[in-house]
*Asks:* 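Please read through the structure below; I'll follow up with questions.
Since the model is a prediction, treat every value here as computed from it, not as a measurement. Quick note: numbers below take in every heavy atom, side chains included, and nothing from hydrogens, waters or symmetry partners. Each chain gets a letter, A, B and so on, in the order its sequence line appears, and its residues count up from 1.
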Number of protein chains: 2
Amino acid sequence: MNSITTFEEHLDKYHGKQGTESRVKFDTKSLAFRLGVMLQEARKEANLTQEELAIKTGTKKSYISRIENGKSDIQLSTFYKLIEFGLGKPLNISIG
Amino acid sequence: MNSITTFEEHLDKYHGKQGTESRVKFDTKSLAFRLGVMLQEARKEANLTQEELAIKTGTKKSYISRIENGKSDIQLSTFYKLIEFGLGKPLNISIG
DNA sequence: TGTAAGGTTAACTAATTAGTGAATTTCATT
DNA sequence: AATGAAATTCACTAATTAGTTAACCTTACA
């Protein structure tokens, strides 16, 4: 799967069509979407299924799916938990 | 203020003393704390008060204070909003 | 020392995520 | 095309953040 193509589809869907949406809400959705793609790519690189990742992090595959599809604006700790505990990779966050 | 020193104090407080806390919960608190310090440092670099940042992002100074002190496990979009809209700086997130 | 600005804390409501089970759909493989 | 594994969606509750007000501390400095 190509992240960029899918992200463009997302832009069309939210920016193009439902034009009354605020910039902040739009950006929030974009962010959730991008992070979802990042998680999915990292999970596949680690050769885990959604269910395996869910078990390792004490949650359910349905929830992982929701996150990977950018369906919710998750908490920082949730993302951290999935990346660090579930995939054993460091999550890097910096400003500027 | 030195981030590392303060973070060590945090380690002492949560890791040393209240030892029954789960690793995940502990890490969540550390994360919130570290991000709070990052935000505060970036805000000061931008020469803004908590109140000014609050106004720019449509919230209140009391909420900014809570975040800077790592008192809550905020959502990704909240952190993003403060950094990108409030401070005009990019928020970088990556895995690995 | 008084004052004001900046920052912290407490308390509360409303909105949203976290977490779950079950049904459904997609996808790869034979 | 049939099968089974993997992923998605829906519906729901409980827990937590987002957002706010007001009171209270701290710090700088006139």
*Asks:* Any donor-acceptor pair under 3.5 Å linking the side chain of Lys56(B) with the backbone of Gly86(B)?
*Replies:*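 Such a contact is found between Lys56(B) side chain and Gly86(B) backbone.
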*Asks:* Roughly how far, to the nearest 0.5 Å, is the CG atom of Asp27(A) from the OH atom of Tyr80(B)?
*Replies:*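 Tyr80(B) atom OH to Asp27(A) atom CG measures 4.0 Å (nearest 0.5 Å).
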*Asks:* Going by the rule salt bridge (charged side-chain N to carboxylate O under 4.0 Å, His left out), which residues pair with Glu84(B) if we only count those two or more places apart in sequence or in a different chain?
*Replies:*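 Glu84(B) satisfies salt bridge (charged side-chain N to carboxylate O under 4.0 Å, His left out) with no residue once adjacent residues are dropped.
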*Asks:* Whole angstroms only, please: what is the CD-P distance between Glu68(A) and dA7(D)?
*Replies:*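 That distance rounds to 7 Å.
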*Asks:* I need the CD1-P distance between Ile64(A) and dG21(C), as an integer number of Å.
*Replies:*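 One finds 14 Å between P of dG21(C) and CD1 of Ile64(A), rounded.
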*Asks:* Of the options Thr49(B), Leu48(B), Leu53(B), which is the one that meets Ile64(B) in a side chain to side chain contact (heavy atoms under 4.5 Å, CB included)?
*Replies:*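 The side chain to side chain contact (heavy atoms under 4.5 Å, CB included) with Ile64(B) is passed solely by Leu53(B) among Thr49(B), Leu48(B), Leu53(B).
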*Asks:* When you compare the side chains of Asp73(A) and Thr28(A), does any donor N or O come within less than 3.5 Å of an acceptor on the partner?
*Replies:*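 Not at all, the side chains of Asp73(A) and Thr28(A) share no donor-acceptor pair under 3.5 Å.
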*Asks:* Quickly work out the Gln40(B) CD to dG6(C) P distance and round it to whole Å.
*Replies:*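 Value for this atom pair: 14 Å.
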*Asks:* Check the distance between dA5(C)'s P and Ile55(B)'s CD1 and give it to me in whole angstrom.
*Replies:*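 It works out to 13 Å between those atoms.
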*Asks:* Atom CG of Leu53(B) and atom P of dG7(C): how far apart are they, to the nearest Å?
*Replies:*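 Value for this atom pair: 10 Å.
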*Asks:* With side chains defined as the heavy atoms from C-beta onward, is the minimum distance between Leu76(A) and Thr78(B) less than 4.5 Å?
*Replies:*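 Counting from C-beta outward, Leu76(A) and Thr78(B) never come under 4.5 Å.
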*Asks:* Tell me the interatomic distance from Leu48(A), atom CG, to dA6(D), atom P, rounded to whole angstroms.
*Replies:*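 About 11 Å, once rounded to whole Å.
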*Asks:* Out of curiosity, Ile83(B) CD1 to Leu39(B) CG, how far, rounded to the nearest 0.5 Å?
*Replies:*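 So the CD1 of Ile83(B) and the CG of Leu39(B) are separated by 5.0 Å.
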*Asks:* From OH of Tyr80(A) over to C1' of dA18(C), roughly how many Å is that when rounded to an integer?
*Replies:*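 After rounding, the gap between these two atoms is 19 Å.
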*Asks:* For the CG atom of Leu91(B) and the CG atom of Leu35(B), what is their distance to the nearest 0.5 Å?
*Replies:*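 If we round to the nearest 0.5 Å, Leu91(B):CG and Leu35(B):CG are 8.5 Å apart.
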*Asks:* How would nucleotides 12-26 of chain D be written as a contact map, 5' to 3', with B for base contact, S for sugar-phosphate-only contact and - for no contact, using protein heavy atoms under 4.0 Å?
*Replies:* -----SBBBBB----
*Asks:* For Lys71(A), does its backbone N or O pair with a side-chain atom of Arg66(A) as donor and acceptor, under 3.5 Å?
*Replies:*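 No: the side chain of Arg66(A) does not pair with the backbone of Lys71(A).
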*Asks:* Counting only side-chain nitrogens and oxygens, does Asn69(B) get under 4.0 Å of the OP1 or OP2 atom of dG7(C)?
*Replies:*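 So the side-chain polar atoms of Asn69(B) never come under 4.0 Å of the phosphate oxygens OP1 or OP2 of dG7(C).
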*Asks:* Using a heavy-atom distance cut-off of less than 4.0 Å, which residues of residues 82-90 of chain B contact DNA chain D?
*Replies:*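 Those residues whose heavy atoms fall under 4.0 Å from DNA chain D, taken from residues 82-90 of chain B, amount to none.
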*Asks:* With sugar-phosphate meaning primed atoms plus P, OP1 and OP2, does Ser65(B) contact a base, only sugar-phosphate, or nothing at under 4.0 Å between heavy atoms?
*Replies:*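 Touches a base.
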